[in-house]
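To find a chain, count down the sequence lines: A is the first, B the second, and so on, and within it residues start at 1.
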2 protein chains.
Amino acid sequence: MKKDTREALLDSAFNTFYKQGFQGANIATILNDVGINKGSMYHFFKSKKALGLAVIEERIERNLVNKYASIKSVEELFDVLCSAPKTLAYGCPLNKMSQEMIYIDTDFQKLLSTTYGKFETLVQMILERDGVESSELKAKQIIATYEGALMIYHLNRQDEEFVLVLRGLEQDIF
Amino acid sequence: MKKDTREALLDSAFNTFYKQGFQGANIATILNDVGINKGSMYHFFKSKKALGLAVIEERIERNLVNKYASIKSVEELFDVLCSAPKTLAYGCPLNKMSQEMIYIDTDFQKLLSTTYGKFETLVQMILERDGVESSELKAKQIIATYEGALMIYHLNRQDEEFVLVLRGLEQDIF
DNA sequence: TCCTTTCTTGACCTTTTAGTCAAGTGAAAA
DNA sequence: TTTTCACTTGACTAAAAGGTCAAGAAAGGA
């Protein structure tokens, strides 16, 4: 049972921070959700901050790799990107955590910066595999448009427009 | 002096919320910054939430209109967008506040959604004045790329790449 | 000048928050 | 069986948070 509590904590913390923000979330919610007591959590994580950093490393980053490492073509990439409104109910977890924390805490800043770098590399590799020119810049273009469009989607809740913006980019670039 | 305190409160609250987030900011910081006491603030704003909503209406929205309403051409628009890293030290205020609050509070959600709509309309009008086709979609494309690129910039702190992404869009579209 | 309304003060209240700790449980190693 | 160590409990603490209020100061109109 040793690992289960830690994993359950990370799962619940990820969901709670994702929805409410790191600062806005309170530990009691997570504890109640998992069904354990405080001391148990503080056995695994020395502080709320440590839990937050672990969520970035062991959930946000892991989810990104799971999602993008297996993508085989640019076409497939855009299909996955276009499905974001269905899978990401509160925006991009990495983007959201970054906007909140990078100006406040340098440990968060460093880790989020590194994680973003990995995301960018994953996208870049998909482009290179398909023989796309200037893949670094295009990876940034794709991610930027994706992140921005997802934010706009969550303010409007209009699926079609989100897809149109991304498909527009796909056609402009390729 | 009647209006001064209210205006000073809005200024300080805007800066504080902008840097630390709405939930992460505490009222004592703002009060200390302005140099007044609690009761004085609660005379003008019935709650922290009311202050936050007023900041959106009277600062975030006002700043957007000030910045974009006077832009005369698409060229000028992209120049202004490219200067964002110099003027927006903690990202796009509207984007940041939205990511944090739209899933938490419906009053924030409504107001931020409306404010975004005005921003989009301002950009759309610039495009139309220059005779750009399908201005609505292109306004969304520009804003999406801008917002996403600005987020990436703040994780990397590399000016050139931010500008390259935006200039790339400018060339792809026009 | 006097009166009314608009601010301002600063102490106070209540709730919530992250974090601590000594005592206990239980499973696995010895 | 006994010992050990990883984990769990739940009450406790201290600080910080948002918010209240009665009383006083200023400002403006009559």
In whole angstroms, how far is the [atom2] atom of [N] from the [atom1] atom of [X]?
X	N	atom1	atom2	result
B:Q23	D:dG18	CD	P	11 Å
A:I27	D:dT13	CD1	P	20 Å
A:L31	C:dG19	CG	P	12 Å
B:N26	D:dG18	CG	P	5 Å
A:H43	C:dA23	NE2	C1'	16 Å

| note | Note: contacts of residues 96-112 of chain B with DNA chain D (heavy atom, under 4.0 Å) are none

| request: Could you identify which residues of residues 33-42 of chain A place a heavy atom less than 4.0 Å from some atom of DNA chain D, listed by residue number, or say none? | output: A:I36, A:N37, A:G39, A:S40

| message | Exactly one of A:N95, A:L94, A:L53 should register a side chain to side chain contact (heavy atoms under 4.5 Å, CB included) with A:L112. Which one does? | response | A:L94

| Between A:R6 and A:D11, is there a salt bridge with N-O shorter than 4.0 Å? | no

| Salt bridge between B:E7 and B:R59, side-chain N to carboxylate O under 4.0 Å? | yes

| said: For the residue pair A:K48 and A:F22, would you count it as a cation-pi contact if the rule is NZ or CZ under 6.0 angstrom from the ring centre and within 45 degrees of the ring axis? | reply: yes

| query | Under 4.0 Å between a side-chain N/O of B:T5 and OP1 or OP2 of C:dT8, yes or no? | reply | yes

| request: Could you tell me whether A:A25 contacts a base, only the sugar-phosphate backbone, or nothing, with contacts defined as non-hydrogen atoms closer than 4.0 Å? | output: sugar-phosphate

| request: Say whether B:T29 and B:N26, considering side chains only, have a donor N or O and an acceptor N or O under 3.5 Å apart. | output: yes

